[in-house]
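The next block holds one structure in the form of structure tokens; read it before the comments.
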Amino acid sequence: MDWVIDTAKFLVNEILSQPAYLIGIITAVGLAALKKSVGQTVGGAIKATLGLLLVGAGAGLVSASLDPLGRMIQGTTGTHGVIPTNEAIVGIAQSEFGARVAWLMILGFLVSLALARFTPLRYVFLTGHHMLFMATLLTIVMATAGQGSVAVVLGGGVLLGILLVALPAFAHPWTKKVTGNDTLAIGHFGTAGYIVSGATGQLVGKNSRSTEEMKLPEGLRFLRDSMVATALSMVLIYLEMSLLFLAKVGQDAAFKAFAGSGGDPAANVGNYIMQSVMQGLQFGIGVAVILFGVRTILGELVPAFQGIAKRVVPGAKPALDAPIVFPYAQNAVLIGFIFSFLGGLTGLAALIWVFNPAFGLALVLPGLVPHFFTGGAAGVYGNATGGRRGAAVGSFLNGLLITFLPAILLKALGSFGEANTTFGDADFGWFGAVLGSIGKLDGTVGLIGMLIFGLLILAGAWIMQTKVVDRGWIPGGGISVAPAEAAAVVPAQAARTATYAKIAPPRGAPTPPPAP
């Protein structure tokens with residue numbers, strides 16, 4: 001019987017506990033359930049496996065490029081500084097928590113389908129990369145709080161399933177204001193920022209004209225390429241911090257900043273500056289590799305999810321990625337990005353001069369990618385209820401949210417709080433921070449407290465759906481822009497064509513899943 005035990009150990013230790021193999025197996029099961037051919041099933045499983053390996057490779061590049069920057073920020077300011085990048089922190093976490101993340105993600109999706117089927121919250125969350133991100137956050141926070149693997153997967157799966165149906169419901173009145181119809185929902189964990197922006201538009205946007213009556217320069221549209229935007233932002237940040245570090249510690253110490261990552265000390269000031277530029281570019285490459293890996297995984301996994309969901313929850317609204325709202329106010333996207341970034345800079349100044357000295361919060365440096373996606377969507381929501389003022393003020397507040405919330409979240413991430421990166425979007429911040437605070441309770445009490453918190457969110461969403469959404473309330477005030485071509489957007493190929501071909505969003509953006 002030893003061979004039976006040895007075989008079981010082999011399956012558990014060498015296959016089921018290896019994240020890449022596990023994702024491949026789950027993908028194969030999903031594709032087989034959809035009656036795909038053997039070739040499609042095997043090919044999809046292999047691609048999903050390779051995708052996760054790409055995520056790990058990209059994470060290595062990101063970690064290597066962030067290490068010198070962390071030393072520079074620490075040496076210049078005397079405090080910890082981070083660049084919020086969802087893909088980076090998820091990639092770094094895969095080596096330690098990959099298997100638990102995969103199981104939690106699958107269970108969470110199944111729980112969300114059950115909730116969509118048997119509650120009024122009939123939303124199917126199809127933004128696969130954000131499911132992966134939230135599954136990773138839940139795993140890190142719960143494991144850091146001392147929960148065992150089984151509790152992390154089961155409890156985290158329930159919490160993830162609740163969020164996948166609850167958050168689209170909270171945002172849905174404002175989503176209907178944006179789209180002018182009830183055919184789709186927002187499925188993106190920047191929901192808090194979108195609600196704040198939409199509500200702000202109602203307060204400040206009286207008689208404000210729509211952003212779509214403005215003409216914006218074409219020269220700024222290159223920022224929609226996420227690889228360019230990421231590399232550019234990191235090069236600028238690296239150059240600024242390297243010069244400040246050089247002025248603070250002198251040439252002898254500054255020139256050794258890159259030696260800790262396996263490189264050679266800089267030979268002179270020019271070489272030091274160009275090494276900074278190269279590190280910023282390496283970060284852009286690392287994020288691009290991670291994005292490609294994530295898209296490779298989801299290109300196989302999400303269609304299986306979508307096909308299953310269509311059979312389990314017929315008639316449910318698809319909750320899709322943030323760029324799905326971009327066609328409804330294209331100028332608002334760019335205005336939202338700019339003002340969100342300004343909010344990030346303002347928040348950084350407040351952290352430096354107030355909140356870091358008073359509370360020890362880390363410095364959160366604004367990254368162009370999270371500010372583009374969440375800021376752009378916040379601009380659309382703010383414009384829908386408050387025109388130009390709503391787009392500007394609402395997205396500025398979004399920028400503050402995605403600066404302060406990640407700084408607070410770091411307290412709940414344990415050792416990952418020192419990784420020089422963290423989760424960037426608003427919902428990761430508030431949910432992870434509250435969950436981490438509850439997790440300080442011991443063992444079972446902490447787990448029960450987390451689940452009660454999830455049930456409170458579910459109850460709130462249930463009330464929102466039945467008392468507000470189903471009764472047809474739509475936020476008033478401002479101007480709801482729904483051009484003819486955008487108003488026709490439906491949760492199928494037309495939606496994807498309008499969003500991803502018409503306005504050419506960043507090439508690094510994970511696209512909505514194909515129609516089943």
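Computed from heavy atoms alone, side chains included, the values below leave out hydrogens, waters and symmetry copies.
- Side-chain contact check for Val364 versus Pro84: some heavy-atom pair is nearer than 4.5 Å.
- Classification of the Phe133-His130 ring pair by plane angle, with boundaries at 30° and 60°, yields tilted.
- Listed by chain and residue number, nothing satisfies the side-chain hydrogen bond (donor to acceptor under 3.5 Å, both in side chains) test with Trp473 (two or more places apart in sequence, or in another chain).
- Taken from OG1 in Thr296 to CD1 in Ile46, the straight-line distance is 13.5 Å, to the nearest 0.5 Å.
- Checked options Phe373, Phe125, Phe423; the residue passing with Phe189 is Phe125 (criterion: ring-ring contact (aromatic ring centres under 6.0 Å, His included)).
- Side-chain contact between Thr421 and Val82: absent, with no pair of heavy atoms (C-beta onward) separated by less than 4.5 Å.
- By the side chain to side chain contact (heavy atoms under 4.5 Å, CB included) test, Ile463 pairs with Lys467, sequence neighbours left out.
- One finds the CG atom of Leu400 at 10.5 Å from the CG atom of Leu342 (value rounded to the nearest 0.5 Å).
- For the residue pair Leu405 and Ala426, the shortest heavy atom distance occurs at CD1-O, 3.4 Å.
- A donor-acceptor contact closer than 3.5 angstrom links the side chains of Asp427 and Thr191.
- Looking only at side-chain heavy atoms (C-beta outward), Thr136 and Met105 stay at 4.5 Å or farther from each other.
- When side chains are defined from C-beta on, His371 does not count as touching Ser395, because their heavy atoms never get closer than 4.5 Å.
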Applying side chain to side chain contact (heavy atoms under 4.5 Å, CB included) to Thr422 and Leu413, what does each step give before you reach the verdict?
CA-CA 9 Å; Thr422 187; Leu413 297 183; 3.4 Å; yes
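- For the pair Tyr194/Trp174, no side-chain contact is recorded, criterion being any heavy-atom separation below 4.5 Å from C-beta on.
- Contact check for Thr175 versus His172: side-chain heavy atoms found under the 4.5 Å cut-off.
- A donor-acceptor pair is defined here as one N or O able to donate and one able to accept, closer than 3.5 Å; no such pair exists between the side chain of Ser197 and the backbone of Gly193.
- The salt bridge (charged side-chain N to carboxylate O under 4.0 Å, His left out) search around Asp470 returns none, not counting sequence neighbours.
- To the nearest 0.5 Å, atom CZ of residue Phe396 and atom CG of residue Leu401 are 11.0 Å apart.
- Here the side chain of Asp425 pairs no donor or acceptor atom with the backbone of Thr374 at under 3.5 angstrom.
- The shortest side-chain heavy-atom distance between Thr466 and Arg471 does not fall under the 4.5 Å cut-off.
- Not counting sequence neighbours, the partners of Tyr123 by the side-chain hydrogen bond (donor to acceptor under 3.5 Å, both in side chains) test are Gln465.
- Using cut-offs of 30° and 60° for the angle between ring planes, the Phe97 and Phe416 rings count as tilted.
- One finds the CG atom of Leu447 at 12.5 Å from the CG atom of Asp442 (value rounded to the nearest 0.5 Å).
- Applying the side chain to side chain contact (heavy atoms under 4.5 Å, CB included) rule to Leu281 yields the partners Ala231, Val235, Val277; only residues at least two apart in sequence or on another chain are considered.
- Partners of Phe431 according to the ring-ring contact (aromatic ring centres under 6.0 Å, His included) rule, which considers only residues two or more places apart in sequence or in another chain, are Phe453.
- Taking both residues in full, the closest heavy atoms of Pro357 and Ile352 are given as CD-O, 3.5 Å, listed atom of the first, atom of the second, then distance.
- Residues satisfying the side-chain hydrogen bond (donor to acceptor under 3.5 Å, both in side chains) test with Lys47, not counting sequence neighbours, are Glu300.
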Trace of the side chain to side chain contact (heavy atoms under 4.5 Å, CB included) decision for Leu167 with His188:
CA-CA 8 Å; Leu167 295 186; His188 189 271; over 6 Å; no
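- Within the 4.5 Å cutoff, the side chain of Ser340 has heavy atoms near those of the Asn398 side chain.
- The shortest non-hydrogen separation linking Pro475 to Pro173 is CD-O, 3.2 Å.
- Formation of a donor-acceptor pair under 3.5 Å by the Asn356 side chain with backbone atoms of Leu351 is not found in this model.
- Thr119 contributes a side-chain N or O that, together with a main-chain N or O of Leu121, makes up a donor-acceptor pair within less than 3.5 Å.
- With sequence neighbours excluded, no residue satisfies side-chain hydrogen bond (donor to acceptor under 3.5 Å, both in side chains) with Glu96.
- In this structure, Ala257 and Met72 approach most closely via the heavy-atom pair CB-CE, 3.9 Å.
- Closest approach of Tyr381 and Ala171 over heavy atoms only: CE2-O, 4.5 Å.
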Could you walk me through whether Leu104 and Leu159 pass side chain to side chain contact (heavy atoms under 4.5 Å, CB included), step by step?
CA-CA 10 Å; Leu104 193 158; Leu159 291 171; over 6 Å; no
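- Looking at residues two or more places apart in sequence or on another chain, you find a side chain to side chain contact (heavy atoms under 4.5 Å, CB included) between Ser112 and Phe109, Leu164, Val165.
- In terms of the side chain to side chain contact (heavy atoms under 4.5 Å, CB included) criterion, residue partners of Ala166 (sequence neighbours excluded) are, by chain and number, Ile162, Phe170, Ile457, Ala461.
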Atom pairs and distances, side-chain donor-acceptor, residues 138-147, under 3.5 Å, sequence neighbours left out:
unit_1	atom_1	unit_2	atom_2	d
Thr139	OG1	Ala135	O	2.8
Thr144	OG1	Ile140	O	2.7
Gln147	NE2	Gly443	O	3.0

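- Atoms CD1 and CG, on Ile452 and Leu458 in that order, are 13.5 Å from each other to the nearest 0.5 Å.
- Partners of Lys317 under the salt bridge (charged side-chain N to carboxylate O under 4.0 Å, His left out) rule, at least two apart in sequence or in another chain, are Asp182.
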For the pair Ile186 and Val325, evaluate side chain to side chain contact (heavy atoms under 4.5 Å, CB included) and give the outcome as yes or no after the intermediate values.
CA-CA 8 Å; Ile186 191 74; Val325 302; 4.2 Å; yes
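- Separating the CG atom in Leu361 from the OG1 atom in Thr403 is a distance of 12.0 Å, to the nearest 0.5 Å.
- Here the closest heavy-atom approach between residue Gly436 and residue Ala412 is recorded as CA-CB, 3.8 Å.
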